[in-house]
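Proteins get letters first, then strands, A, B, ... in listed order; numbering begins at 1 in each.
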Amino acid sequence: MTKSSLSKVRVRFAPSPTGSLHIGGLRTALFNYFFARRHSGAFVLRIEDTDQARFVREAEWDILSGLKWAGIEPDEGPQQGGDFGPYRQSERQAMYALYAQQLIDEGHAYYAFDTPEEIEAMRERFATEENPSPKYDATTRGEMTNSLGLSGEEVRERIERGDAHVIRLKVDPGGRITFQDHIRGRVSFSTGGIDDQVLIKSDGMPTYHLANVVDDHAMGITHVIRGEEWLSSTPKHILLYQALGWEPPEMAHMPLIMNPGGKGKLSKRHAETQGLPVTVEQCQLAGYEPEAVINFLALLGWNPGDDKEIFSLDEMAELFSLDRVNGGGVQFDVNKINWFNQQYVRGFSVDQLLERAEPHVRKNASAWAAGFFKGEERRRQIAALMQPRITFSKDLSETGGYFFEDPTTYDEAAVKKRWKEGSAELLSAYADRLGAASDFDAAQAEAMLRALAEERGAGAGRIIHPVRLAVSGVPGGPSLFDMMEVLGREVCVRRIRKAVEVLG
RNA sequence: GCCGCGUUCGUCUAGGGGUCCAGGACGCCGGCCUUUCACGCCGGUAACACGGGUUCAAAUCCCGUACGCGGUACCA
């Protein structure tokens, strides 16, 4: 019986607050969240702020709001509290110091006084072709300044004097660490390849390794689900669990999201050069719907085994299983995430679509954006007409401006193709009839147009296309007559006459 | 360099000894619908990294090679 099968599942998402929430991080959070929900467990947020140099004040807020946007709020965390707090590592320092001391007392760890320069010198001294980067480990620690070689007296003296020092784990090189990874199966490392890991840094802060192990244990974490970049740290962590006399949690290392092309982890730098949304913030700005983003992210490396692709958060949480997560890295495909977005946009009710578009429209200062908020019913008509033609809800605020403003230019290629000899005359006649008609709606506009075409012995297309051009300025868009009805008679007549004047 | 993980259409994947001359989705290309553009529908393109085993039978199991990625910090 493993520990996890006996106790309630507890997982954690443990980002360090160094910047905005990366979608790779969101995906890790998502998988943890799914696993927790699937097993009726708890999803814990822990902030790993032990690196003072890289700490970013707003990052914690950013992470939280990113998770909230995605719909996965933690059950426990710095904001929501919980029985295992505090949830920021900077507030748990005393605990790390306590266990570090215990490790020293029991001979599993030692003080080291070497300066970075001295360590660098050691590396240079022992570097060979086969081993270009020697480690601080069993083979070299005898050469260094640490409590293993110094007398107890001298160690005490140095510490009291305030000499900079760290605490290192004493790794026995003769062992082998083997563990069962839920995604990769059996994974095995020789301890000979592991250096004497720093546990407490000279500023008194714990390193990731110590803090992580202590907290996962103290917080009752049963399953560690994290990115593959941690796989080779896992034996260090298991060594720590052993030294502390604790049972390690279950492990699962997720495949990484790679740049398009497969070169390296998806990076912010890459995002900038290729315009990819790499952070939650960028996703929001680009107008992605959260449902699309989480659906896309979840299916990167995981799938429930059938052909279905569109899943709600709840469905995924219900179906999720670590056994169905693949081991290989996955490339970010902007086409696919756009397709997901389009699927969700198309599935929205008109009111939902409008609701999603609104914040984006508000940022748009154009005259027509102002017009967008004028008539409720009209806005709904426009949204309904545009819905099958857009990928992002915010496209409502970026294409289809002709619903609000008269076109000022006419698509050149379309003019060349559609504006023929006689177009001007036909359009003038059509405008006259529209103006004189007793009624005006889509059906009327169409009937009049077709009647005119027939009278003149011309195909309806000879009028439809130039009218579309006159009315919208562009070659594509919703059904011409629906569009005309929404615009209203006066506007249509005005635009047609204007086009006749401009295009001759 | 060393250690670890990975490798099915361009991409995300199904499949885990016979049902696979490998299925789905995105993309791309054609067609239908529509006198627009989309949507939708129909069709097409395209893959088991390579080499050895094991087996009556291998995409599936084993070994090796290649390639990719990750790690190799007082960063997480």
Side-chain angles (χ1 to χ4, degrees), chain A residues 14-18 48-51 53-54 112 114-116 119 127-133 135-136 164-168 181 183-185 187-190 192-195 197-209 211-212 226-236 253 255-256 258 260-265 296 299-310 324 326-340 342 346 385-391 399 414 417-418 453 459-465 467-469 472 474-480 483:
Chain A
S16 47
T18 55
E48 309 224 328
D49 54 348
T50 55
D51 185 353
R54 297 204 305 159
D114 318 274
T115 64
I119 294 172
T128 62
E129 213 153 277
E130 301 81 57
N131 185 12
S133 175
K135 290 181 282 291
Y136 197 124
H165 64 279
V166 301
I167 295 176
R168 285 182 183 269
D181 186 282
I183 292 170
R184 283 150 219 286
V187 179
S188 185
F189 291 83
S190 154
I194 300 171
D195 59 354
Q197 207 56 50
V198 170
L199 265 21
I200 300 282
K201 300 183 263 194
S202 56
D203 65 0
M205 280 289 201
T207 57
Y208 171 82
H209 304 293
N212 193 260
R226 72 227 300 193
E228 190 186 351
E229 70 262 41
W230 297 111
L231 189 58
S232 36
S233 298
T234 303
K236 300 170 186 174
H253 289 88
L256 265 18
M258 318 299 285
K263 291 287 172 211
K265 289 196 275 187
F296 167 74
L299 260 35
L300 241 36
W302 170 78
N303 77 85
D306 58 25
D307 289 342
K308 199 177 159 185
E309 303 225 57
I310 302 296
R324 295 205 60 90
N326 293 315
V330 292
Q331 292 185 40
F332 184 93
D333 181 4
V334 76
N335 277 326
K336 192 81 181 214
I337 191 176
N338 287 351
W339 176 79
F340 273 111
Q342 188 190 44
R346 234 184 332 125
L385 289 177
M386 296 304 288
Q387 188 167 26
R389 277 165 258 265
I390 59 180
T391 300
T399 38
K417 187 172 175 196
R418 305 296 194 185
R462 293 272 285 128
I463 310 179
I464 290 176
H465 298 299
V467 169
R468 169 181 296 284
L469 209 45
S472 72
V474 293
S479 158
L480 174 64
M483 204 156 77

Item to check | Pairwise 5' ranking along RNA chain B for A/Asn131 and A/Arg468, keeping only the more 5' one | outcome: A/Asn131
Item to check | For atom CZ of A/Arg184 and atom P of B/C3, their distance in whole Å | outcome: 19 Å
Checklist entry - When all nucleic acid strands are considered with a 4.0 Å heavy-atom cut-off, which category describes A/Gly227: base, sugar-phosphate, or nothing? => result nothing
Next on the checklist: Under 4.0 Å, counting only non-hydrogen atoms across every strand here, what does A/Arg462 touch: a base, just sugar-phosphate, or nothing?
Outcome noted: nothing
Checklist entry - When the P atoms of B/G10 and B/A46 are considered, how many whole Å apart are they? => result 10 Å
Next on the checklist: Base, sugar-phosphate or nothing for A/Leu480? Non-hydrogen atoms, less than 4.0 Å.
Outcome noted: nothing
Next on the checklist: Base, sugar-phosphate or nothing for A/Asn326? Non-hydrogen atoms, less than 4.0 Å.
Outcome noted: sugar-phosphate
Item to check | Spacing of A/Asn335 atom CG relative to B/C26 atom C1', expressed in whole Å | outcome: 7 Å
Item to check | Nucleotide nearest A/Leu300 (side chain, heavy atoms from C-beta), chosen from B/C26, B/U36, B/C12 | outcome: B/C12
Checklist entry - How would you label the contact of A/Arg324 with the nucleic acid (heavy atoms, under 4.0 Å): base, sugar-phosphate, or nothing? => result sugar-phosphate
Item to check | Residues A/Arg54 and A/Asp51 bridged, charged N to O under 4.0 Å | outcome: yes
Checklist entry - Hey, does A/Lys263 reach any base, or is it just sugar-phosphate, or nothing, if we go heavy atoms under 4.0 Å? => result sugar-phosphate
Checklist entry - Within the structure shown, what part of the strands sits under 4.0 Å from A/Met386 by heavy-atom distance: base, sugar-phosphate, or nothing? => result nothing
Checklist entry - What pairs with A/Arg226 under salt bridge (Lys or Arg N to Asp or Glu O under 4.0 Å), at least two apart in sequence or on another chain? => result none
Checklist entry - Of A/Gly459 and A/Ser188, whose nearest nucleotide on RNA chain B comes first from the 5' end? => result A/Ser188
Next on the checklist: What's A/Ile337 touching, base or sugar-phosphate or nothing? Going by heavy atoms closer than 4.0 Å.
Outcome noted: nothing
Checklist entry - If you look at every strand shown and take non-hydrogen atoms under 4.0 Å, does A/Pro235 touch a base, only sugar-phosphate, or nothing? => result nothing
Next on the checklist: Working note: A/Tyr136 + A/Asp114, criterion side-chain hydrogen bond (donor to acceptor under 3.5 Å, both in side chains); need CA distance, chi angles, decisive distance, verdict.
Outcome noted: CA-CA 11 Å; A/Tyr136 197 124; A/Asp114 318 274; 2.6 Å; yes
Checklist entry - With distance as the sole test, does A/Arg184 use its side chain to make a donor-acceptor pair with the main-chain N or O of A/Gly327 at under 3.5 Å? => result yes
Next on the checklist: What is the separation between atom CD on A/Glu309 and atom C1' on B/U11, rounded to the nearest whole Å?
Outcome noted: 12 Å
Checklist outcome for this item: 5' to 3', nucleotides 71-76 of chain B under a 4.0 Å protein heavy-atom cut-off (B base, S sugar-phosphate only, - none) gives S-SBBB
Next on the checklist: Whole angstroms only, please: what is the CD1-P distance between A/Ile463 and B/U36?
Outcome noted: 15 Å
Next on the checklist: Within the 4.0 Å heavy-atom criterion, would you say A/Gly192 contacts the bases, only the backbone, or no part of the nucleic acid?
Outcome noted: nothing
Checklist entry - Rounded to the nearest 0.5 Å, what separation is found between the CZ atom of A/Phe296 and the CD atom of A/Glu309? => result 11.5 Å
